[in-house]
Amino acid sequence: MDPKTVTRFAPSPTGALHLGNARTALFSFLLGRASGGRFILRVEDSDRGRGGPEFVASQLADLTWLGLSWDAGPDRDDGRGPYRQSERGPIYDGLYKKLEREGHAYPCYCTPPELDVARRVQLAAGQPPRYPGTCRGLDASARAARVAEGRLPALRFRVPDSRVIEFEDLVRGPQSVAAATLGDFVLRRADGGPIFFFCNAVDDSLMGVTQVLRGDDHLSNTPRQLLLLQALGLPAPRYGHLPLLVDASGAPLSKRRGSTTVGELRERGYLAAAVGNYLLRLGHTGAPDQWVEPADFARSFSLDRLGRAPAHFDTAQLDHWQREAVRRLTPEQAVHWLDAELPADWSAQERRELAGLLRGNLVFPADAADWFSVLRGELVPLTAEDRTVLAEAGPAFFEAALAAYREAGADFGALGRELKQRTGRKGAALFMPLRIALTGRRDGPELAALLPAIPAALVRARLAGAAGVH
RNA sequence: GCUCCCAUCGUCUAGAGGCCUAGGACACAGCCCUCUCAAGGCUGGUACGAGGGUUCGAAUCCCUCUGGGAGCGCCA
């Protein structure tokens, strides 16, 4: 990849980091920094009324958790900052003046209610709602008159009348839009605040961004930004528009249903590498069918392997990668992952052993809870089917097991041999009644590993109890 | 309402006119392995939204429709 490549992620702190945005960030990161270029992070907090600093912190934390890192951002300036739009006012002011001076922008005194009426009229007439151009040709005296009325002007971009804007979208291919369909758009609010179209495009250019990956919803707005940058004489990045993420029913991913934020997934115990493996394949081919280590993600990422249709978020597939990720945990990582679920009074040694023992049978940390009672407490009541298995084995079987356990102790191999000799049973007929009696369930880690983890007194009590089942 | 985008198994997708009686992965079912579950191995079912063209030949190209999405904000 070209080392001059600069990509960016530009979150707006209006909430938690959404899965769709996380995917956009991941892809941008892979296209940039992870491929030998640069990746920067810019906080789009130009609208002071929305969101808050807590969201900036949480989003950056989520990105870090996912394994993304940036060369420049709000926490590290490289001289092209600041990287928060709220701190870039002076930069914007200079550009606004230039635009106005050169006739590319003009003050607009229309009020929101007036604009709203105009929109309704256009809609009713079957016309697309566009700014009617009321203030486009105002002369000095007309402007003075509006100011005298106490009106505060917004600044509008003067879209050239008859032009066709053409550009090559990084994922969509060639695009062509007639300027006439655009309508003059606002660059600066009446209260002085900058507008997305403006600061987003300007910042990308000023920060040296060469490739912008963003959501599909920005595709039809791209011509505006291209026009604006051109008027400013600023170089434009190349844009690539990613299909949106939708839920199982095909509706846009909404914060209301299910876990759709990175934070929620993390809280439920999903591992970052699992989320990464899933996101890497969501609407993108090029990754092998097998697990990919996060460090190798960039090698599997390619712009021309991006899909063009909306991608469905599918928990079953996420869970598949989660299992893969859990399986790859080292014992230390497993302890850390299980940390909040592990009984606080257990020793470091016990916690380690437990994590190692259960790792293969868990998908989420919360799944571990059931096993604690298996190892230390009460078993859940047996199902009718399980009782049948115990009854079929019969009291003699468990009395023999008790005797074998006295002989062999927690050495499961020896216990098995002993019991086989005493009862003549083998295979499932031998082990299943044992498993059920000992754990109260039919699944779980190998009995050979499980047995030593259960205190001897509990083992004896359970075997004795099973002997009493008829 | 207008403009634009998208459309292959349930899901992620391969497929850039003949290699497709459409391939892989996840999920599902069965079998094998196995003390169980998981993992692994094998097998199976399920898809080119509809209708018209173009062509010797279309999942692939064109048109219409249908369905889904986005944009048209002094939101980002």
Side-chain angles (χ1 to χ4, degrees), chain A residues 10-14 44-47 49-51 85 108 110-112 115-116 119 122-131 152-156 169 172 175-178 181-183 185-197 199-200 214-224 241 243-244 246 248-252 278 280-290 305 307-321 323-324 326-327 359-363 412 416 425-436 439 441-448 450:
Chain A
S12 108
T14 52
E44 306 227 320
D45 56 352
S46 63
D47 188 348
R50 295 156 57 122
Q85 289 186 331
C108 170
C110 298
T111 62
L115 293 169
D116 191 46
R119 247 191 303 276
Q122 288 170 321
L123 240 22
Q127 299 292 317
R130 273 199 282 275
Y131 180 63
L152 284 173
L155 190 67
R156 264 184 207 276
D169 190 276
R172 302 272 174 192
Q175 306 288 315
S176 169
V177 180
T181 65
L182 260 29
F185 53 94
V186 172
L187 300 174
R188 185 184 61 205
R189 294 194 301 252
D191 68 3
I195 289 285
F196 169 80
F197 290 131
C199 44
N200 176 267
R214 46 161 40 163
D216 227 351
D217 46 339
H218 292 294
L219 179 60
S220 42
N221 290 150
T222 305
R224 291 174 221 273
H241 292 91
L244 262 19
V246 295
S249 70
Y278 179 54
L280 183 66
R281 295 168 173 85
L282 230 200
H284 173 256
T285 351
D289 288 338
Q290 299 78 29
R305 301 265 68 185
R308 257 137 286 216
H312 290 72
F313 173 72
D314 181 10
T315 309
Q317 292 190 48
L318 208 211
D319 288 356
H320 165 70
W321 295 114
R323 280 184 209 100
E324 293 284 318
V326 170
R327 207 141 52 93
R359 184 157 41 119
N361 288 271
L362 304 176
V363 179
F412 189 70
R425 285 176 172 254
K426 59 180 180 178
L430 171 68
F431 294 107
M432 192 45 82
L434 254 192
R435 173 177 287 279
I436 292 173
T439 70
R441 48 196 293 178
R442 292 173 179 239
D443 62 344
E446 289 178 17
L447 281 173
L450 224 31

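Below, read A as the first sequence line, B as the second, and so on, with proteins coming before strands; counting in each chain starts at 1. Computed from a predicted structure; not experimentally measured. Keep in mind that the numbers below use all heavy atoms, side chains included, and drop hydrogens, waters and symmetry copies.
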Protein N or O to nucleotides 61-67 of chain B N or O, pairs below 3.5 Å:
none

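Going from the P atom of A47(B) to that of U21(B) covers 15 Å, rounded to whole Å. C32(B) and C37(B) are spaced 12 Å apart, taking the P atom of each and rounding to whole Å. Across C9(B) and U3(B), the matching P atoms stand 29 Å from one another, rounded to whole Å. Rounded to whole Å, the separation between the C1' atoms of C20(B) and A14(B) comes to 11 Å. Rounded to whole Å, the P atom of C61(B) lies 12 Å from the corresponding atom of G18(B). A distance of about 23 Å separates the P atoms of U46(B) and G41(B), rounded to the whole Å. A distance of about 33 Å separates the P atoms of G23(B) and C65(B), rounded to the whole Å.
Across all their heavy atoms, R189(A) and V186(A) have their closest contact at N-CG1, 4.2 Å. Closest approach of P445(A) and R435(A) over heavy atoms only: O-NH2, 3.0 Å. Of all heavy-atom pairs between E44(A) and S12(A), the closest is O-CB, 3.4 Å. The two atoms that bring T181(A) and R130(A) nearest to each other are O-NH1, 2.8 Å, heavy atoms only. In terms of heavy-atom proximity, Q290(A) sits nearest to R281(A) at O-NH2, 2.6 Å. When all heavy atoms of P129(A) and L123(A) are compared, the closest pair comes out as CD-CD1, 3.6 Å.
Contact between the side-chain N/O atoms of T111(A) and the OP1/OP2 oxygens of C74(B) is not found at any separation under 4.0 Å.
If you check every strand for non-hydrogen atoms under 4.0 Å, A316(A) touches sugar and phosphate atoms only. E44(A) comes within contact range of the sugar-phosphate backbone alone, with a heavy-atom separation under 4.0 Å but no base atom that close. Within the 4.0 angstrom heavy-atom criterion, base atoms lie near L115(A). If you check every strand for non-hydrogen atoms under 4.0 Å, R305(A) touches sugar and phosphate atoms only.
The 5' end of RNA chain B is approached more closely, in terms of each residue's nearest nucleotide, by W321(A) than by the other of Q85(A) and W321(A).
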Y131(A)/C108(A) under side-chain contact (heavy atoms from CB on, under 4.5 Å): CA gap, chis, key distance, verdict: CA-CA 10 Å; Y131(A) 180 63; C108(A) 170; 3.2 Å; yes

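Rounded to an integer number of Å, the gap from CZ of R308(A) to P of C5(B) is 13 Å. Per the geometry, CG belonging to D289(A) stands 16 Å off C1' belonging to G40(B), to the nearest Å. If you take CZ of R189(A) and C1' of C75(B), they are 8 Å apart, rounded to a whole angstrom. The interatomic distance linking D314(A) (CG) with C12(B) (C1') rounds to 8 Å, in whole Å. Atom C1' of nucleotide C2(B) and atom CD of Q127(A) are separated by 8 Å, given to the nearest angstrom. One interatomic measurement links the two molecules: CG of D319(A) to P of C12(B), which rounds to 16 Å at whole-angstrom precision. As rounded to whole Å, 12 Å separates atom C1' of U13(B) from atom CZ of R281(A).
For the pair D314(A) and H312(A), the minimum side-chain heavy-atom distance is 4.5 Å or more. Considering only heavy atoms from C-beta on, L244(A) comes within 4.5 Å of D217(A) through its side chain. Side chains of L434(A) and F412(A) form a contact here, defined as non-hydrogen atoms less than 4.5 Å apart. You'll find the side chain of L318(A) reaches within 4.5 Å of the side chain of F313(A), heavy atoms only. Between L282(A) and Q317(A), the closest side-chain pair of non-hydrogen atoms is not below 4.5 Å.
When each of U11(B), C74(B), C5(B) is scored by its nearest atom to the side-chain atoms of R172(A), the top-ranked nucleotide is C5(B). For F196(A), whose side chain is taken as the heavy atoms from C-beta onward, the closest listed nucleotide among A76(B), G10(B), U13(B) is A76(B).
The base-pairing partner of C19(B), taking Watson-Crick or G-U wobble contacts with both distances under 3.5 Å, does not exist among the strands shown. If you check A7(B) for Watson-Crick or wobble pairing at under 3.5 angstrom, you find it paired to U66(B). Base pairing annotation: G44(B) forms a Watson-Crick or G-U wobble pair with C28(B), both donor-acceptor distances under 3.5 Å. Look at C61(B): its Watson-Crick or wobble partner, with both distances under 3.5 angstrom, is G53(B). Using N1 to N3 plus N6-O4 or O6-N4 for Watson-Crick, or N1-O2 and O6-N3 for G-U wobble, each under 3.5 Å, C35(B) pairs with nothing. Both distances falling under 3.5 Å, in either a Watson-Crick or a G-U wobble arrangement, place G1(B) opposite C72(B).
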Treating primed atoms plus P, OP1 and OP2 as sugar-phosphate and everything else as base, which nucleotides of nucleotides 68-73 of chain B get B, S or - for protein heavy atoms under 4.0 Å? -SSSBS

Can you give one letter per nucleotide of nucleotides 30-39 of chain B, 5' to 3': B if a protein heavy atom sits under 4.0 Å from the base, S if only from the sugar-phosphate, - if neither? -----BBB-S

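Counted by atom type alone, T222(A) and R214(A) present one or more donor-acceptor pairs between their side chains at under 3.5 Å.
Taking the six-membered ring where the residue is Trp, F197(A) and F185(A) present perpendicular rings, their angle passing 60° and hence far from 30°.
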